[in-house]
Amino acid sequence: MFIDYARIRVKAGNGGDGAVSFRREKFVPKGGPDGGDGGRGGNIVVKGDSNVNTLLDYRFNKRFVAAAGVSGAGARKTGHSGADLILRMPLGTEIYQILEDGRKIKLADVTEHDEQIILAKGGRGGRGNSNFATPTNQAPRHATPGKHTEEMELELVLKLMADVGLVGFPNAGKSTLLSVLSAARPKIADYEFTTLEPMLGVVWVSDYQHFVMADIPGIIEGAHIGKGLGIQFLRHIQRTSTLLYLIDINSPDPLEAYRTLKAELYLYDNFMEKKPFTIVLSKIDTIPEDEREERIAEVSKIFADTTHHKILAISSVGNFGLEALKFALYKQIKESM
Ligand SMILES: Nc1nc2c(ncn2[C@@H]2O[C@H](COP(=O)(O)OP(=O)(O)OP(=O)(O)O)[C@@H](O)[C@H]2O)c(=O)[nH]1
Ligand SMILES: [Mg+2]
């Protein structure tokens, strides 16, 4: 299940208490104070993991508490530190702390594999009485307690990280395209809103060059105000470096289709306007072969005249134009870096 939002509570480990202890040994008449310090409490640490694509782990498991530090002991023994609690999260997770008054503070943005960020620091261990001996007080009977930590409420928001975001009306063939370019197996069907949740696929351009493509549910006019499947998934293409507008060549007006899609994205987030994009006509196998070239040329001209953009034409089913598309996308991603 794909989960892209969760609320959790975390608490770093309390510090262990300092010990009060006196050395007692046979034949040693006056043993001094020898209570050791408490150990540090475990931190709450978030770690980026490219193998995780969802916040599912945080959906049902809501409270995470790191181990407390162990108390100090006699013979100046310092208690063990509590182990850090490591929370693995998908790349693209934004972490906010929710304050009591409801305000949110961004704590972290997990973007790299294996990157670690401490969200909450474990409490310091208390000091044992061996630390408090002075010339005038050689037998201190006090130690300090370990520091107790506060529980924090966090909000996790996943915005998938991909290089290319697929944008198109329902049924345009987005999932089919992802399925032929990558090993991803999204659901494909001949009805609208087949795709209900985003999916990523890795597209290999050569043995060692690849990029990541994100398939999201179809967009319709009014998506930015919640029409269709609404906007919640649009945030998954907020972070992609490029966009791919996929338009069915059989659309009554491909240019209008493109403009509607573009408008929806910009109404959602006007930063999208800055992203490089590619316009691609899909399903060209559905046009009879003897009319195909003419039809593609006609639509290309309309786009060239009005948007000054070149467009590509493909068929996922007929395996047409896919290699050229892969290279064009790869080039665009590299240029956008
Ligand atoms: N003839 C032909 N049919 C295609 C092609 N690509 C996709 N289709 C068909 O178009 C229909 C919709 O394909 P999907 O890939 O599910 O479309 P989508 O854009 O992901 O749709 P949503 O998830 O609903 O937004 C399916 O019946 C596909 O088999 C193509 O290149 N040629
Ligand atoms: Mg789909």
Side-chain angles (χ1 to χ4, degrees), residues 1-2 4 53-54 160 162-203 212-238 240 242-254 256-265 268 272 277-293 295-296 299-300 311-326 328-329:
M1 203 184 354
F2 179 78
D4 54 7
N53 276 318
T54 160
L160 287 178
D163 302 300
V164 182
L166 278 171
V167 181
F169 282 112
N171 253 339
K174 301 179 294 298
S175 302
T176 309
L177 178 60
L178 185 74
S179 77
V180 294
L181 290 186
S182 77
R185 288 292 162 260
K187 187 171 168 198
I188 293 166
D190 191 15
Y191 53 81
E192 303 199 330
F193 299 117
T194 307
T195 300
L196 298 175
E197 44 192 51
M199 187 180 263
L200 299 180
V202 177
V203 181
V212 178
M213 195 174 217
D215 177 25
I216 63 165
I219 290 169
I220 58 171
E221 190 166 358
H224 74 282
I225 50 164
K227 291 252 172 72
L229 288 181
I231 50 167
Q232 77 274 14
F233 54 81
L234 279 179
R235 70 164 174 267
H236 295 298
I237 52 173
Q238 262 178 324
T240 61
T242 68
L243 297 173
L244 190 169
Y245 290 97
L246 193 65
I247 295 159
D248 190 332
I249 193 163
N250 301 297
S251 315
D253 186 343
E256 187 54 31
Y258 159 72
R259 286 182 166 155
T260 304
L261 292 168
K262 215 172 153 124
E264 286 304 322
L265 294 194
Y268 173 68
M272 299 261 207
F277 60 87
T278 311
I279 305 168
V280 180
L281 293 176
S282 66
K283 307 190 188 180
I284 61 164
D285 61 288
T286 58
I287 307 286
E289 247 186 296
D290 52 336
E291 298 168 27
R292 202 174 289 164
E293 223 152 280
R295 176 84 179 120
I296 294 170
V299 180
S300 299
I311 57 177
L312 295 172
I314 63 155
S315 162
S316 302
V317 169
N319 190 11
F320 183 92
L322 298 177
E323 283 299 301
L325 173 61
K326 273 203 301 201
L329 292 174

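Both ligands and their constituent atoms are indexed starting at 1 by order of listing. Values below: every heavy atom of this structure, side chains too, minus hydrogens, waters and symmetry copies. Small disclaimer: the values here were computed from a predicted structure and weren't measured.
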Residue pair L177 / D215, side-chain heavy-atom distance below 4.5 Å: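 In short, these two side chains do not touch, never coming nearer than 4.5 Å.
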
Go through the steps for M213 and L329 under the test side chain to side chain contact (heavy atoms under 4.5 Å, CB included), then give the verdict. CA-CA 10 Å; M213 195 174 217; L329 292 174; 3.9 Å; yes

Taking salt bridge (charged side-chain N to carboxylate O under 4.0 Å, His left out) as the test, write out the residues that go with R235, two or more places apart. D4

Taking salt bridge (charged side-chain N to carboxylate O under 4.0 Å, His left out) as the test, write out the residues that go with E323, two or more places apart.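 Only K326 meet the salt bridge (charged side-chain N to carboxylate O under 4.0 Å, His left out) criterion with E323.
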
Separation of K187 NZ from T176 OG1 (nearest 0.5 Å): 12.5 Å

Tell me how many protein N, O or S atoms are within a distance shorter than 2.8 Å of the Mg ion (ligand 2).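 Excluding waters, the total comes to 2.
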
Return yes when atom CZ of F320 has more than 12 non-hydrogen atoms of other residues, nucleotides or ligands closer than 6.0 Å, and no otherwise. no

Backbone N/O of T242 and side chain of T240: donor-acceptor pair under 3.5 Å: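 Looks like yes, one N/O pair under 3.5 Å.
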
On a heavy-atom basis, which atom in K227 and which in E221 lie closest, and how many Å separate them? CB-O, 3.6 Å

Determine whether L234 and L265 satisfy the following criterion, side chain to side chain contact (heavy atoms under 4.5 Å, CB included), listing intermediate values before the conclusion. CA-CA 8 Å; L234 279 179; L265 294 194; 3.6 Å; yes

Shell of residues surrounding ligand 1, defined by a 4.0 angstrom heavy-atom cut-off that is strict: F169, P170, N171, A172, G173, K174, S175, T176, I188, A189, D190, Y191, E192, F193, T194, T195, G218, K283, D285, T286, S315, S316, V317

